[in-house]
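Atom set for the values below is all heavy atoms of this structure, side chains included, hydrogens, waters and symmetry mates excluded. Since we're looking at a predicted model, the values are computed, not measured.
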Amino acid sequence: MHYWLMKTEPDVFSIDDFLTRKDRTEGWNGVRNFEARNFMRDGMRVGDLVIIYHSNATPPGAAGVAEVASAAYPDPDQFDPASEYHDAKSTRENPRWLQVDVKFVKKFDRLVPLDEIRAEPRFDELVMLRRNRLSITPLTAAEFRVFEELGSRRG
DNA sequence: GCCAACGTTGGC
DNA sequence: GCCAACGTTGGC
């Protein structure tokens with residue numbers, strides 16, 4: 001079992017949007033960074049747990065939990081010339097970009113804001129804080145539990 | 001292989 | 001909207 005943090009802009013896809021999808025599952029398309037792709041391809045397994053993080057939001061922060069629901073497979077948008085995610089260098093024989101399916105588990109009782117993530121000593125080694133802009137990062141089991149603790153704090 | 005230009009991310 | 005960080009591209 002591995003743990004991950006995946007960023008999403010809530011204006012595009014938020015934790016609440018899982019509830020509008022079939023099986024509360026979303027294909028995590030649009031990842032266009034090789035390191036993030038490699039995490040999906042080489043690291044993720046069905047059942048891994050994922051913190052869903054809202055970026056470009058007010059405030060930004062951790063919004064809930066999801067789980068990996070498929071192995072990595074080619075992101076279809078890369079083959080679509082009309083898509084903003086189209087990649088002319090990608091072929092169906094040798095696709096560059098992958099996605100996984102991600103299934104809703106729960107929304108936190110409250111958003112855990114970035115300020116609080118930064119201030120938390122148990123997040124001193126958090127890869128998301130150390131690696132600017134990387135949209136998929138690994139978590140330790142301990143870090144995952146801290147997110148759950150902070151997200152379930154009452155009022 | 002170097003590195004400057006360019007594009008994107010994402011907090012503010 | 002600004003801009004720092006930093007990954008990618010392409011000329012050489």
> Roughly how far apart are A:Met1 CE and A:Leu49 CG, rounded to 0.5 Å?
Replying inline: 4.5 Å

>> If you apply the rule salt bridge (charged side-chain N to carboxylate O under 4.0 Å, His left out), what do you find for A:Asp23 with A:Lys103, and how did you get there?
In response: CA-CA 8 Å; A:Asp23 298 328; A:Lys103 182 171 183 168; 5.9 Å; no

Which protein N or O atoms sit under 3.5 Å from an N or O of nucleotides 9-12 of chain C?
none

> Does one hydrophobic cluster hold both A:Val65 and A:Met44, with members joined at side-chain heavy-atom distances below 4.5 Å?
Replying inline: no

> Pick the nucleotide of DNA chain C nearest each of A:Asn33 and A:Asn56; which residue has the one closer to the 5' end?
Replying inline: A:Asn56

Please list each protein N or O that sits under 3.5 Å from an N or O in nucleotides 1-3 of chain B, with the distance.
none

Using atom names, set out every protein N or O paired with an N or O of nucleotides 4-8 of chain B below 3.5 Å, distance rounded to 0.1 Å.
from  : atom 1 : to       : atom 2 : distance (Å)
B:dT8 : O2     : A:Arg133 : NH1    : 3.2

> Out of curiosity, A:His2 NE2 to A:Thr140 OG1, how far, rounded to the nearest 0.5 Å?
Replying inline: 11.5 Å

> Checking ring-ring contact (aromatic ring centres under 6.0 Å, His included) for the pair A:Trp97/A:Tyr73: CA distance, chi angles, key distance, verdict?
Replying inline: CA-CA 8 Å; A:Trp97 304 115; A:Tyr73 60 95; over 10 Å; no

>> Over all strands shown, is A:Asn132 touching base, sugar-phosphate only, or nothing at heavy-atom distances under 4.0 angstrom?
In response: sugar-phosphate

>> Closer than 3.5 angstrom, by distance alone: can the side chain of A:Asp48 be matched with the main-chain N or O of A:Arg45 as a donor-acceptor pair?
In response: yes

> Is the backbone of A:Asp80 close enough, under 3.5 Å, to the side chain of A:Ser83 for a donor and an acceptor to pair up by distance?
Replying inline: no

>> Over 60° means perpendicular and under 30° means parallel, so tell me whether A:Phe18 and A:Phe104 are parallel, tilted or perpendicular.
In response: tilted

> How long is the span from the CZ atom in A:Arg118 to the CZ atom in A:Phe123, to the nearest 0.5 Å?
Replying inline: 13.0 Å

> Could A:Asp75 and A:Arg37 be called an ion pair, given the rule that one side-chain N must be under 4.0 Å from one carboxylate O?
Replying inline: no

